[in-house]
Amino acid sequence: MTSVKKITKRALYVPALLLLGACCTTRQPEPVPPPPPPAPVAPLGDIFFDFDRSGITPEGEAQLKQNAGWMVANTAKSVVIEGHCDERGTSEYNMALGQRRADSAMDAMVSLGADQARMTAISYGEEKPFDTGHDEAGWAQNRRAHFVEQ
Amino acid sequence: MRSTRNSFASLCLVLFGLLLMPLTLKAEEVGEYIAIRKTGASRIAIVLDKTAAKGDKESAWASSLNTAIKGGLDFTGLFNLMPAPLNIRNSQDGMLNLGSIASVGGDIYAGGSVTKKSGKPVLEMQVFDASGKSLLHRNYSGEESQLRAIGLRFCADLVELLTGKRSVFGTKIVFISNRTGNKEVYMCDFDGENVVQLTNSRSISLTPTVSSDGNYLAWMDYTSGRPNLYIKNLATGAKVSVNKHGVCISPAWRPGTNTLVTTLSYQGDQDLYLIRADGTVDRRLTKGGGIDVSPSFSPDGSKMAFVSTRQGGPHVFIQDMNSGQVRRLTYSGTYNTQPSWSPNGDKILYSSMQKSGEINIFSIGADGSGLLQLTSGSRNNEYPSWSPDGSMIVFSSTRGGKRKLYVMNADGTNQKPLLRMEGEQQQPSWSVNK
């Protein structure tokens, strides 16, 4: 009975040792290091304007550089640039002003290397305010070119 | 005695005024024209009698007619309405006692009766002056469902008789309301009655306007995902779009034509373009120099007022349609927009944003003279539009909080709400009725 147990144990040890030996002698291939993550692309951001103006401010220009970089990195994406105005002034004039802001932002984007064919400029005038406040804090939020990824 | 003497003096003034009136004023078929109302004159004191009726049906009709006539005459701001004095009829024979008109200070008496003929109402109206002279005697008939229109036809005749001009009665106003949660185009009668929703774009609709013949409606909305200008034939319902990328806003029909001018930006700047009723571009009217927007034509269509930033802030300019020559109209203020050229051709309304931030409506001569402020101290007053007869102005105001429509007389007096409607209303445009 004892001898049978021993034989069985040996029968199990031998393949186990063989297997262990095989594992020690065969070289496992080096794991391929994951590719380095791409440099982070800053997301799209909006730019803001002074009252009754469509010129790009220095802060706006910095943001547009970032947005142009996003366009270069995301060649399959397009962008709608919405021109917005605060509630002051009259609505038709603001509709024209909003277009001027959107166009102004798009022109600057093109000069910074963004593909014009993937951008559309649309004015919403004073029709879609981001901030419903009736003071300068609210108005400042609403005088913007809003970048929407498509 | 004093009132009799005053009445006699008034009559002499009226007759003297009659001698001075231009001969273009037409005579009526019953009674001859009298010129009581002159520019700057006070309101016409009119004794408005209740419409006589026999029978329940006729009495109900009379009540509706009284409401329509009283409301119509009151709306014009031309009249001082007075109830008939107790002694307006002789107690014995029931005949009119016209002497009682002058005794209560009335200039004019208007009254009549409604009868049933073939089941339909017939309104017989008579108008007398304080001396007892008949000025108008006419029947007005129609369907039972048209009592308001019947009463207003009399009002239209009376105003034309007394002023020599066409009246606002029968005209329409198109405007924008967000009643449904979206900005849609609506139309109502001259006095805010009978509101009808014209678009169901479920987007943002703006700047509706009807052609001078009443055949076409133009407006812009975002149903295609971007702003687009639409032109609809109101008789057939056929709709075309202008379909140019960029902004398209503030169309204005050129009087006497089926062409309109609107702002487009597909060639870069926000410039004014002449558009045919089929939506195609005829030609570009302005070029460069910033924003050009909000055109409004002189009544003969030869000149166009518009807003431009070519000299800095927004100001009103006038362009000759043939020569293309442009002159600046507004020099007062720094933000002047929304010109509206009067049907008489002599004045242009515009809205001006003032230093306080408040927007107010001004009137200026087409030659730049006679600047007059029509609204003040009542928050934002915008988008003035003349009634086709030039007697009234519709505009939007935030004086009560929300933006609502108001009307006023051409001189800025008699400012009052136009309609009661949920939500906000804006961009009214007064037009003829087709």
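Proteins get letters first, then strands, A, B, ... in listed order; numbering begins at 1 in each.
One finds a salt bridge joining A/Arg143 and A/Glu136 here, because a Lys/Arg side-chain nitrogen approaches an Asp/Glu carboxylate oxygen to under 4.0 Å.
The one candidate from B/Asn360, B/Asn381, B/Thr375 that meets the side chain to side chain donor-acceptor pair (under 3.5 Å) condition with B/Ser397 is B/Asn381.
Summarising the local packing, NZ of B/Lys404 is surrounded by more than 12 heavy atoms from other residues, nucleotides or ligands at distances under 6.0 Å.
Chain A forms more heavy-atom pairs under 4.5 Å with one residue of B/Gly268, B/Gly290, B/Cys248, B/Ser351 than with any other, namely B/Gly290. When the candidates B/Gly357, B/Gly313, B/Ser250, B/Pro314 are compared by the number of heavy-atom contacts under 4.5 Å with chain A, B/Pro314 comes out ahead. Your options are B/Met220, B/Lys183, B/Gln426, and the one with the most heavy-atom pairs under 4.5 Å with chain A is B/Lys183. Taking A/Ser91, A/Ala102, A/Gly98, A/Ala121 one by one and counting their heavy-atom pairs under 4.5 Å with chain B, the maximum is reached by A/Ser91. Contacts with chain B were tallied for A/Asp103, A/Thr90, A/Ile122, A/Leu97; A/Thr90 has the most, counting heavy-atom pairs under 4.5 Å.
Looking at B/Val247, both its backbone and its side chain come within 4.5 Å of chain A, counting heavy atoms on both sides. Interface remark: B/Ser352 contributes no atoms to any contact with chain A (heavy atom separation under 4.5 Å). Contact of B/Ile291 with chain A is made through backbone and side chain together, with heavy-atom distances under 4.5 Å.
Remark: B/Arg226 fails to qualify as a cation-pi partner of B/Tyr222 under the 6.0 Å distance and 45° angle criteria applied to the six-membered ring.
When all heavy atoms of A/Met95 and A/Tyr124 are compared, the pair lying nearest together is SD-C, 3.8 Å.
No side-chain donor-acceptor contact under 3.5 Å links A/Gln141 and A/Asp131.
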